Amino acid sequence: MSGQRSSVRLSELLSGDPVDVAPRLLGKILAAGPPGEETSGRIVEVEAYRGEDDPASHAFRGPTARNRTMFGRPGLLYVYLSYGMHYCCNIVCWPEGRAGAVLVRALRPLGGLEQMRSRRLRARRDVDLCSGPGKVCQALGIDRAADGTDLLSPGSGVRLVDDRSGSVEGIVVAGPRVGVAAHLLTAGELWRFSVRGDENVSRSGSASGASSARADPVVQP
DNA sequence: GACAAGATTGACT
DNA sequence: GTCAATCTTGTCC
C-alpha cells in the first residue's frame, strides 16, 4: 500500500543531521491516540538538538537513563519531563548510537479538536492548544510512557504522517533556539525552524512575544 | 545524601 | 514584562 511507501520516504526524511531534518519535518502531521480518539496536528515549529556536539542537548554528556532513547534509531519518539511539570517530545534522527533529535515545539491542530480542548482546559483559543512544546504533549496526550515509540509504525500510539499536502516550501523561517541559556547556544546557530506567519507558532518564538534581544529570524530560500 | 539547574507555562501587574 | 510553580535529573562531596 502507499502507506508503506510513505513510511519509507519518511524514514529517509528523518535520517541525518538534526539541523537538516528539522525543517523537513515542518508540514508533516503528528498524530496520537487510537482510531476514533485520534488527535493530530501539522508541525509548524521545531528545534534541532545535536546530542553530544551540542551543549544545550540532554545528550551532551553521554547516555543516561533519561536520554537513552535519543541514542536510538531514527524515527523514535524521545519524551522527557521539563521543569517537573511539562512533557516535551523529540523525534530521533541520527543513526543508532549517536544522539540527535528534533524538538516539536508547535502544531497547527487538525483532528480531534474536542479531545484537545478537553485536555487543554486552560487554552482560551484553539491557537493556544499546541503553541508550545509542553502544550503539544498535553493536547496529544503524550507523556513519558510514549518515550521510545516508533513514529513510523502505523500501529503506534504516536505516529508521524506525510500527507504531502502540507508543503511549507519558501515559508520556513530559521532562527536561534529559545529557552536555551545563551552560553549553551552554538555561535551563529539558526537551529529553530517555523512556518512564517503561522499563528500556532509558540509565543516565545514569535516576534511580538520576544522578551529579550535575539537575532532576527532568517527566511529560508 | 544534598543541592542546583532546567529544551515551560500561565497568572498577575 | 515579570515571576512563581514543581520535580526530575545530574553533579558534587
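Convention: sequence-line order gives letters A, B, ...; per-chain numbering from 1. Computed from a predicted structure; not experimentally measured.
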DNA chain C: stems of at least 3 consecutive Watson-Crick or G-U pairs whose donor-acceptor distances fall under 3.5 Å: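 Only these stems qualify: B:1-6 with C:7-12, B:8-12 with C:1-5.
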Taking [Y] as the starting point, is it possible to reach [X] by hopping between hydrophobic residues whose side chains are less than 4.5 Å apart?
X      : Y      : result
A:Y78  : A:V180 : yes
A:V21  : A:V19  : yes
A:L103 : A:L140 : no

Each nucleotide N or O in nucleotides 4-6 of chain C that has a protein N or O under 3.5 Å away: list the pair and distance.
{"residue": "C:dT6", "atom": "O2", "partner": "A:Y83", "partner atom": "O", "Å": "2.6"}

Quick one: are [X] and [Y] in side-chain contact, heavy atoms under 4.5 Å?
X      : Y      : answer
A:R42  : A:D163 : yes
A:L81  : A:R144 : no
A:L151 : A:V158 : yes
A:Y49  : A:P18  : no
A:D198 : A:I171 : no
A:Y80  : A:N90  : yes

Could you tell me whether the side chain of [X] and the main chain of [Y] form a donor-acceptor pair under 3.5 Å?
X      : Y      : value
A:R192 : A:E47  : no
A:E199 : A:V127 : no
A:R105 : A:V136 : no
A:R108 : A:V44  : no

Under-4.0 Å salt bridge between [X] and [Y]:
X      : Y      : answer
A:D54  : A:R177 : yes
A:R98  : A:E52  : no
A:D147 : A:R66  : no

Round to the nearest Å and state the distance from [X] atom [atom1] to [N] atom [atom2].
X      : N     : atom1 : atom2 : result
A:L184 : B:dA5 : CG    : P     : 13 Å
A:H183 : B:dA7 : NE2   : C1'   : 13 Å
A:L81  : B:dA5 : CG    : C1'   : 14 Å
A:R105 : B:dT9 : CZ    : P     : 7 Å

Heavy atom of [range] under 4.0 Å from DNA chain C: which residues?
range                       : result
residues 97-104 of chain A  : none
residues 60-71 of chain A   : A:R61, A:T64, A:R66
residues 126-142 of chain A : none

Any side-chain donor near an acceptor of the partner, A:Q115 and A:T39, under 3.5 Å: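 No, no side-chain donor-acceptor contact under 3.5 Å.
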Need one value for A:R120: base, sugar-phosphate or nothing, where a base atom within 4.0 Å counts as base even if backbone is also close, heavy atoms only.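 Sugar-phosphate contact only.
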For A:A123 and A:A181, take the nucleotide of DNA chain B holding the closest heavy atom to each; which residue's nucleotide lies nearer the 5' end?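 Per heavy-atom nearest nucleotide, the more 5' residue is A:A181.
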Should A:H58 be listed as having a side-chain N or O under 4.0 Å from OP1 or OP2 of B:dA7?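 Answer is yes, contact under 4.0 Å.
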Working note: A:E12 + A:R9, criterion salt bridge (charged side-chain N to carboxylate O under 4.0 Å, His left out); need CA distance, chi angles, decisive distance, verdict. CA-CA 5 Å; A:E12 290 170 2; A:R9 262 176 44 82; over 6 Å; no
List every contact pair, protein side and nucleotides 11-13 of chain B side both N or O, where the distance is under 3.5 Å.
none

